[in-house]
Every structure is written in structure tokens, then in C-alpha cells.
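Below: one structure, written as C-alpha cells.
Atoms within a ligand are numbered from 1 in the order they appear, just like the ligands themselves.
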Amino acid sequence: MTPTIRPLEEADFEQWLPLWQGYLTFYEAEVTDNVTRETWRRLISSDEQPHGFCAVDPKGKLMGIVHYLFHPVTWSISDRCYLEDLFVDPNVRGGGVGKHLIEAVYAAADKHGADQTYWLTQDHNTRARRLYDHVATLTPFVKYKR
Ligand SMILES: CC(C)(COP(=O)(O)OP(=O)(O)OC[C@H]1O[C@@H](n2cnc3c(N)ncnc32)[C@H](O)[C@@H]1OP(=O)(O)O)[C@@H](O)C(=O)NCCC(=O)NCCS
């Protein structure tokens, strides 16, 4: 089944929320309600980032979400696209929803003129990496933070 992929809309909030919470739980992370509200406000604002897509089944049920943003870089005149969050309802995993969500970000990045789309993942996230190995190229970079 090919899911419908479309931008998140205001009316999606009730369905987006459990997917967002599922994503946070997957990462054993918590954010305050204030952060969730502000993230949602930005996602559906036409002139702010990040942007978001959802995958929808024929009955209008949200099956997955992806959030992404563009930023300038010093190595190109073009912006770069950072894919920040990707989550698919556990009940429909393995059916191509994640792949279609990534491809929607690729299409948005092409439309924007981005020179690259990239993301981070945990090295032990084997399920996600099986998908990523099909749609992207593994780089040797590692993440540092303070
Ligand atoms: C990672 C995640 C988004 C993948 O979503 P999904 O809808 O299951 O992804 P897809 O169905 O498009 O692809 C995954 C499967 O298809 C396979 N696949 C994808 N493209 C393929 C191709 N061209 N040929 C063969 N197999 C392919 C993958 O190997 C993978 O196989 P699996 O069922 O054994 O795991 C989902 O598992 C998830 O939400 N996980 C929890 C949160 C998470 O890890 N998010 C990403 C953090 S970086």
C-alpha cells in the first residue's frame, strides 16, 4: 500500500500527539508540554521551521510523521536539509511508510534547492538503519555535543 504523504495541518494535532509521544518514548526522552505546544505551532506555521509531513491511510489515520528543516552552510550557496524526527506507528512498520516519508523530505529538499539531506541515528538502531541503507549513504562522521 502506498500511503498518502502530505504536510501536517492544524487539524492533525490529536493524531500527531501520540506519534510524537511515541517517538520521545522510543528515545526515552521527555519534553515539557510547553515544548510540545511550541513545536506543534512551528510545524504548522507556513513561515517557520521545522516543517512536517504525515503519512495517512485511506481512512485518514496518521501512520507516521517526519520533521525537517533547512539551514545555510559554508560549503555551498544552497541550504542543507536536516531530517530531525521520523516515527512510524508500530502497527504498520515494515510496509514502506518510513521510506515514503523520507522520500517526501527528499522531494521537498529538491524543491527548496538543498544541496544535501542528512540525519543522525543511533548506531544500534538496526531497524532504522536497514531502511537508511536502502535510501541513503552512510558517512564516517560521529556526533559530539556539550
Ligand atoms: C525506523 C522507522 C521509521 C522505519 O519505518 P517503517 O515504516 O517500518 O520503514 P519501511 O517499511 O519503509 O522500511 C523498513 C523495512 O523495509 C526494508 N526496506 C526498505 N527499503 C527497502 C528496499 N529497497 N529493499 C529491501 N528492503 C527494504 C528495510 O530493510 C526494513 O526491513 P524490516 O521490516 O526488516 O525492518 C520505524 O521503524 C520507527 O518508527 N522506529 C522507531 C523510531 C525510530 O527509530 N525512528 C528513526 C530514528 S533516526
Among protein heavy atoms, which lies nearest atom 29 (O) of ligand 1, and at what distance? Arg130 CB, 3.3 Å
Leu69, Val73: one ILVMFWY side-chain cluster at the under-4.5 Å cut-off? no
Which ligand 1 atoms are under 4.0 Å away from a heavy-atom of Ala128? 1 (C)
Between Leu86 and Trp20, is there shared hydrophobic-cluster membership here, with clusters defined by ILVMFWY side-chain heavy atoms closer than 4.5 Å? no
Heavy atom of the protein closest to atom 13 (O) of ligand 1 (residue, atom name, distance): Leu131 CD1, 3.7 Å
So Tyr68 and Thr117, do their side chains get closer than 4.5 Å, heavy atoms only? no
Arg80 side chain reached by Asp115 side chain, heavy atoms, under 4.5 Å: yes
In the single-linkage hydrophobic clustering (I, L, V, M, F, W, Y; side-chain heavy atoms under 4.5 Å), do Leu101 and Tyr23 co-cluster? no
Measure the CG-NE2 distance between Leu43 and His67 for me, rounded to the nearest 0.5 Å. 4.5 Å
Ligand 1 N/O within reach of Tyr23 N/O, cut-off under 3.5 Å: no
Which ligand 1 atoms, with their elements, are less than 4.0 angstrom from a heavy-atom of Leu120? 48 (S)
Tell me whether Tyr27 reaches ligand 1 (any heavy atom closer than 4.0 angstrom to a ligand atom). yes
Any idea which protein heavy atom is nearest atom 17 (C) of ligand 1, and the distance to it? His134 CD2, 4.5 Å
In this structure, atom 11 (O) of ligand 1 is nearest to the protein heavy atom Gly96 N, 2.7 Å
Among all protein heavy atoms, pick out the one at the shortest distance from atom 46 (C) of ligand 1; state its residue, atom name and that distance to 0.1 Å. Tyr132 OH, 3.2 Å
My understanding is that we take every heavy atom of each candidate and find the minimum distance to atom 37 (O) of ligand 1. Doing that for Arg129, Glu84, Arg93, Lys99, which one comes out nearest? Arg93
Between CE of Met63 and CD1 of Ile5, what distance do you get to the nearest 0.5 Å? 7.0 Å
Gly95-ligand 1 polar pair, N/O distance under 3.5 Å: yes
Residue pair Glu48 / Arg41, side-chain heavy-atom distance below 4.5 Å: yes
I need the nearest protein heavy-atom contact for atom 15 (C) of ligand 1: residue, atom name and distance, please. Gly94 CA, 4.3 Å
Tell me: protein heavy atom nearest atom 7 (O) of ligand 1, and distance? Gly98 N, 2.8 Å
Quick one: which ligand 1 atoms are inside 4.0 Å of a heavy atom on Val97? 7 (O), 12 (O)
Could you tell me which atoms of ligand 1, counted from 1 in the order shown, lie closer than 4.0 angstrom to a heavy atom of Thr121? 48 (S)
Validation row: Leu131, Arg127 side chains within 4.5 angstrom (heavy atoms): no
For the 3.5 Å polar cut-off, considering only N or O atoms, please tell me whether Leu86 and ligand 1 meet it. yes
Among all the protein's heavy atoms, is there at least one whose distance to atom 2 (C) of ligand 1 comes out below 4.0 Å? no
State the atoms of ligand 1, each with its element, that fall below the 4.0 Å cut-off from a heavy-atom position in Val88. 3 (C), 5 (O), 7 (O), 38 (C), 39 (O)
Is the ring centre of Tyr118 less than 6.0 Å from the ring centre of Tyr82? yes
Nitrogen or oxygen of Phe26 less than 3.5 angstrom from that of ligand 1: no
So Trp119 and Tyr132, do their side chains get closer than 4.5 Å, heavy atoms only? yes
Are Phe26 and Val66 linked, directly or through intermediate hydrophobic residues, by side-chain heavy-atom contacts shorter than 4.5 Å (ILVMFWY only)? no
If you scan the protein for heavy atoms around atom 32 (P) of ligand 1, do you find one that is closer than 4.0 Å? yes
Using a 4.0 Å cut-off to any heavy atom of Phe87, which atoms of ligand 1 qualify? 39 (O), 42 (C)
Path from Val92 to Val56 over hydrophobic side-chain contacts below 4.5 Å: no
List every atom of ligand 1 that sits less than 4.0 Å from any heavy atom of Asn125, numbering the atoms from 1 in the order shown and giving each element. 43 (C), 44 (O), 47 (C)
